[in-house]
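The structure under discussion appears below in the form of structure tokens.
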Amino acid sequence: MANAGRMHHDMGGRDAGPVDRGGHSHPEWEKRVDALMMLLSNSKRRVIGVDELRRGIEELGAENYSKMTYYERWVSSITHNLLEKGIISSDELGRKMAEVEDTARAAGDRG
Amino acid sequence: MTMRSEDSVLDHYQAMELAVSALLIDKGYFSAADMEAEIDAMAKRTPDIGAAVVAQAWTDPDFKARLLADGTAACESIGLDMGPTRLMVVESTETVHNVIVCTLCSCFPRMLMGIPPDWYKSVNYRSRVVREPRMVLKEFGTEPSADVEVRVHDNTADMRYLVLPRRPASTDGMSREELAKLVTRDSMIGVKIVEAP
């Protein structure tokens with residue numbers, strides 16, 4: 001197949017194997033990512049459009065795209081869009097991520 | 001952004017989601033209660049909604065005509081929230097078998113069916129169904145005869161397709177509720193047909 005000039009996410013018509021129909025898990029954190037996107041894209045807020053989500057996913061690059069899971073791509077794209085729009089800053093994101101990790105670690109230590 | 005230490009009990013992306021959501025809540029974009037409500041609403045979106053739409057189209061010719069003309073408006077007219085995307089309903093008939101995909105990502109008529117199955121999002125399904133749809137359909141046990149045209153519809157971020165499958169023969173006496181029970185998610189994607197009971 002001629003794949004020249006195509007981006008990695010553009011899969012229509014490529015060679016590929018049988019469709020694996022097994023397995024369908026949707027853990028809680030993925031539901032939160034899904035809900036986050038729905039909240040940001042709904043007509044009341046219109047913070048990030050579905051097309052912007054997709055562009056952010058496409059821009060992850062071929063290597064990340066194939067390595068990451070579906071909702072990992074989503075949350076990365078959402079975060080990137082929010083940074084790009086100046087809605088959150090990388091400083092506050094870094095601080096908040098450290099904070100939620102510390103909280104989780106403390107909870108884990110207690111358990 | 002740097003990865004945190006290996007002993008973290010949270011995965012990097014889980015921490016990212018929690019941090020982003022917490023920041024947006026702090027900034028007043030939405031509340032924690034909004035997030036809970038959204039998760040609950042998504043859990044309630046299942047293929048049963050799409051099945052009810054299909055059963056109504058099978059039993060109400062006027063609704064069916066409106067559904068095929070403007071899927072979004074017809075669904076909203078029966079009280080369904082269609083969100084920001086447009087709906088296009090494609091009818092499978094004696095001569096045409098429809099199947100849907102999203103080759104670029106995973107767009108799916110989620111307001112009518114909930115989240116897509118994993119295989120729908122898979123590289124293999126997305127790559128092959130547009131090039132060798134009959135081979136893919138066969139893997140699902142569906143083999144339209146050679147004189148039936150197979151049409152593959154590629155969803156986009158803003159426009160979603162739903163297959164209106166063929167009503168099986170010998171279901172004439174059935175109620176709308178009984179008919180809806182026959183309609184599966186896979187039949188509305190088009191990888192399967194609706195089987196008679």
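Residue numbering restarts at 1 for every chain, and letters A, B, ... go by the order of the sequence lines.
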Intermediate values then yes/no, salt bridge (Lys or Arg N to Asp or Glu O under 4.0 Å), B:Asp34 and A:Arg45: CA-CA 12 Å; B:Asp34 290 334; A:Arg45 299 185 188 85; 3.5 Å; yes
Side-chain heavy atoms of B:Phe140 within contact of A:Val19, under 4.5 Å: yes
Closest heavy-atom pair, A:Arg32 versus B:Glu36, reported as atoms and distance to 0.1 Å, is NH1-OE2, 4.4 Å
Indicate yes or no: at least one non-hydrogen side-chain atom of A:Asp15 is less than 4.5 angstrom from one of B:Arg131. yes
Heavy-atom check, side chain of B:Met16 versus side chain of A:Glu72, under 4.5 Å: no
B:Leu10 and A:Ala104 have their tightest heavy-atom pair at CG-CB, 3.5 Å
Report which part of A:Ile57 has an atom under 4.5 Å of a heavy atom belonging to chain B: side chain, backbone, both, or neither. neither
So, the part of A:Glu30 with a heavy atom under 4.5 Å from chain B: the answer is neither
Under a 4.5 Å side-chain heavy-atom rule over Ile, Leu, Val, Met, Phe, Trp and Tyr, are B:Ile78 and B:Met188 clustered together? yes
Taking A:Arg21 for its side chain and B:Pro117 for its backbone only, find out whether a donor-acceptor pair lies under 3.5 Å. no
Correct closest heavy-atom pair for A:Met97 and B:Ala15 would be CG-O, 3.9 Å
Distance-minimising heavy-atom pair for B:Cys105 and A:Arg54: SG-CD, 3.3 Å
Indicate the atoms forming the closest heavy-atom contact of B:Arg128 with A:Ala16, along with that distance. CD-O, 2.9 Å
Validation row: A:Met68, B:Tyr13 side chains within 4.5 angstrom (heavy atoms): yes
So which of B:Asn124, B:Ile115, B:Val123 has the biggest tally of heavy-atom pairs under 4.5 Å with chain A? B:Asn124
Using side-chain hydrogen bond (donor to acceptor under 3.5 Å, both in side chains) as the criterion, list what pairs up with B:Lys121, not counting sequence neighbours. none
Tell me, side chain or backbone of A:Thr69 under 4.5 Å from chain B's heavy atoms, or both, or neither? neither
Might you point out which heavy atoms bring B:Met35 and A:Ala35 nearest each other, and give the distance in Å? SD-CB, 3.7 Å
Contact part of A:Leu53 toward chain B, heavy-atom cut-off under 4.5 Å: side chain, backbone, both or neither? neither
Residues in residues 20-31 of chain B that sit under 4.5 Å from chain A, counting heavy atoms only: B:Val20, B:Ser21, B:Ala22, B:Leu23, B:Leu24, B:Asp26, B:Lys27, B:Tyr29, B:Phe30
Under 4.5 Å from a heavy atom of chain A, the part of B:Tyr120 involved: neither
For the CE atom of A:Met11 and the OG1 atom of B:Thr103, what is their distance to the nearest 0.5 Å? 9.0 Å
Which of A:Tyr70, A:Tyr71, A:Trp74 touches chain B most, by non-hydrogen pairs under 4.5 Å: A:Tyr70
Of B:Ser106, B:Ala37, B:Ala43, B:Ala41, the largest count of non-hydrogen pairs under 4.5 angstrom with chain A goes to B:Ser106
Of the backbone (N, CA, C, O) and the side chain (C-beta and beyond), which part of B:Met42 lies under 4.5 Å from a heavy atom of chain A, both, or neither? side chain
